[in-house]
S.K.: 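Dropping the structure in here first, questions after.
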Amino acid sequence: APTAFAPAVQRLAALAQQDGAELVTISAKLEAELVELDEADRVAMMAELGVAESALPRIVRTGYRTLGLITFFTTASRLLQAWTVPRGTTAPKAVGTIHSDFEQKFIRAEVMSVEQLAACGGEGPARAKGVLRTEGKDYVVQDGDVIHVKIGP
């Protein structure tokens, strides 16, 4: 935030902390300028200003935390698809957001983290390395899980 706004931002931060809330500050001017730049110039400008990332990812992460949401992924061929569910959702309920039949016919889930998927270079190599673990109906989906669901007839 610009220096002129620092006292107001500090007061807002104190109020947010007192209420157990999170405060995300953004510079609309900076964000507007960043959007207009190509990737290389955007990275250079952010580095020059000491800005690690644009405001959008911070807003999304804060919103997810505030709303109690997580993201899990499924793979179809080489496509990774993201799904949003409330924190604490079991695997059958989570995959039920994809299709209600998946929840009703759920048998088990093969699970790994998205970081493990990336490190292995795909689902096939992850499977070959034994990274996938089998989870049942009581499994609580974690943020960043990649789930391959097994359903019955």
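This structure is a prediction, so every number in the text was calculated from the model and none was measured.
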S.K.: Between atom CD of Glu33 and atom CG of Leu37, what is the distance when rounded to the nearest 0.5 Å?
M.R.: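 Rounded to the nearest 0.5 Å, the CD-CG separation comes to 7.5 Å.
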S.K.: Looking at Thr89, Thr134, Asp145, Thr90, which hits side-chain hydrogen bond (donor to acceptor under 3.5 Å, both in side chains) with Tyr139?
M.R.: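 The side-chain hydrogen bond (donor to acceptor under 3.5 Å, both in side chains) with Tyr139 is passed solely by Asp145 among Thr89, Thr134, Asp145, Thr90.
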S.K.: When rounded to the nearest 0.5 angstrom, what is the spacing between CG in Leu69 and CG in Asp143?
M.R.: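 That separation rounds to 9.5 Å.
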S.K.: If you group Ile, Leu, Val, Met, Phe, Trp and Tyr by side-chain heavy-atom gaps below 4.5 Å, do Leu67 and Val85 land in one group?
M.R.: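 No, Leu67 does not connect to Val85 through the hydrophobic network.
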S.K.: Return the minimal non-hydrogen interatomic distance between Glu36 and Ala32, and the atom names on each side.
M.R.: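 In terms of heavy atoms, the two residues are closest at CG-O, 3.3 Å.
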S.K.: Would you say the side chain of Val111 lies within less than 4.5 Å of the side chain of Leu132, judging by non-hydrogen atoms?
M.R.: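 A side-chain contact under 4.5 Å is absent here.
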S.K.: Are Arg61 and Glu53 side-chain neighbours, meaning at least one heavy-atom pair lies under 4.5 Å?
M.R.: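 SC-SC contact between Arg61 and Glu53 confirmed.
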S.K.: Distance from Thr74 atom OG1 to Leu79 atom CG, nearest 0.5 Å?
M.R.: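 It is 7.5 Å, given to the nearest 0.5 Å.
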S.K.: Does the side chain of Val141 come within less than 4.5 Å of Ile147's, by heavy atoms?
M.R.: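 Yes, side chains in contact.
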S.K.: Which value, rounded to the nearest 0.5 Å, describes the distance between Tyr64 atom OH and Thr71 atom OG1?
M.R.: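 It is 4.0 Å, given to the nearest 0.5 Å.
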S.K.: If you look at every heavy atom in Val95 and Phe102, which pair is closest and at what distance?
M.R.: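 Scanning both residues completely, I find the closest heavy atoms to be O-CB, 3.5 Å.
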S.K.: Nearest heavy-atom pair of Cys120 and Pro125: which atoms, and what distance?
M.R.: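 Scanning both residues, the minimum pair turns out to be O-CB, 3.1 Å.
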S.K.: Hey, any chance Val149 and Phe73 share a hydrophobic cluster, counting ILVMFWY side chains that come within less than 4.5 Å of each other, even indirectly?
M.R.: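 Looking at the clustering, Phe73 is in a separate group from Val149.
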S.K.: Between the side chain of Ser100 and the main-chain N/O of Gly96, is any donor-acceptor distance below 3.5 Å?
M.R.: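 Flag not set: sc Ser100 to bb Gly96 has no pair under 3.5 Å.
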S.K.: Does Gln81 CD have over 12 foreign heavy atoms under 6.0 Å away?
M.R.: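 Count over threshold, so yes.
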S.K.: Distance-only, no hydrogens or angles: does the Arg42 side chain make a donor-acceptor pair with backbone N or O of Leu34 under 3.5 Å?
M.R.: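 Yes; judged by distance alone, with no hydrogens or angles, the pair exists.
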S.K.: Listing request: all salt bridge (Lys or Arg N to Asp or Glu O under 4.0 Å) pairs with a residue in residues 16-32, at least two apart in sequence or in separate chains.
M.R.: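 Every pair satisfying salt bridge (Lys or Arg N to Asp or Glu O under 4.0 Å) with a residue in residues 16-32: Glu22-Arg65.
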S.K.: Could Glu103 and Lys93 be called an ion pair, given the rule that one side-chain N must be under 4.0 Å from one carboxylate O?
M.R.: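 Salt bridge present between Glu103 and Lys93.
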S.K.: Mind checking the CD1-CD1 spacing from Ile26 to Ile59? Nearest 0.5 Å is all I need.
M.R.: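 Nearest 0.5 Å value for the CD1-CD1 distance: 4.5 Å.
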S.K.: Starting at CE of Met112, measure out to CD of Glu135 and round the result to the nearest 0.5 Å.
M.R.: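 The CE atom of Met112 sits 13.0 Å away from the CD atom of Glu135.
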S.K.: Between Gln142 (side chain only) and Val140 (backbone N and O only), is there a donor and an acceptor less than 3.5 Å apart?
M.R.: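 At least one qualifying donor-acceptor pair exists.
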S.K.: Side-chain contact test, heavy atoms from C-beta onward, threshold under 4.5 Å: evaluate it for Met46 versus Val43 and give yes or no.
M.R.: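 Side-chain contact under 4.5 Å: no.
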S.K.: Below 4.5 Å, heavy atoms only, C-beta onward: do Phe72 and Thr97 meet side chain to side chain?
M.R.: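 Contact flag for Phe72/Thr97 side chains = yes.
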S.K.: Is Ile70 reachable from Leu80 through a run of hydrophobic residues whose side-chain heavy atoms are each under 4.5 Å from the next?
M.R.: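 The answer is no; the residues belong to distinct hydrophobic clusters.
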S.K.: Between the side chain of Asp41 and the main-chain N/O of Asp38, is any donor-acceptor distance below 3.5 Å?
M.R.: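 Looks like no, no N/O pair under 3.5 Å.
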S.K.: Quick check: is Val131 connected to Val114 through a chain of hydrophobic side chains (ILVMFWY, heavy atoms under 4.5 Å apart)?
M.R.: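 Yes; Val131 is reachable from Val114 via cluster members.
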S.K.: With a 4.0 Å cut-off, would you call Glu110 and Arg127 a salt bridge?
M.R.: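 Between Arg127 and Glu110 there is a salt bridge, with a charged N closer than 4.0 Å to a carboxylate O.
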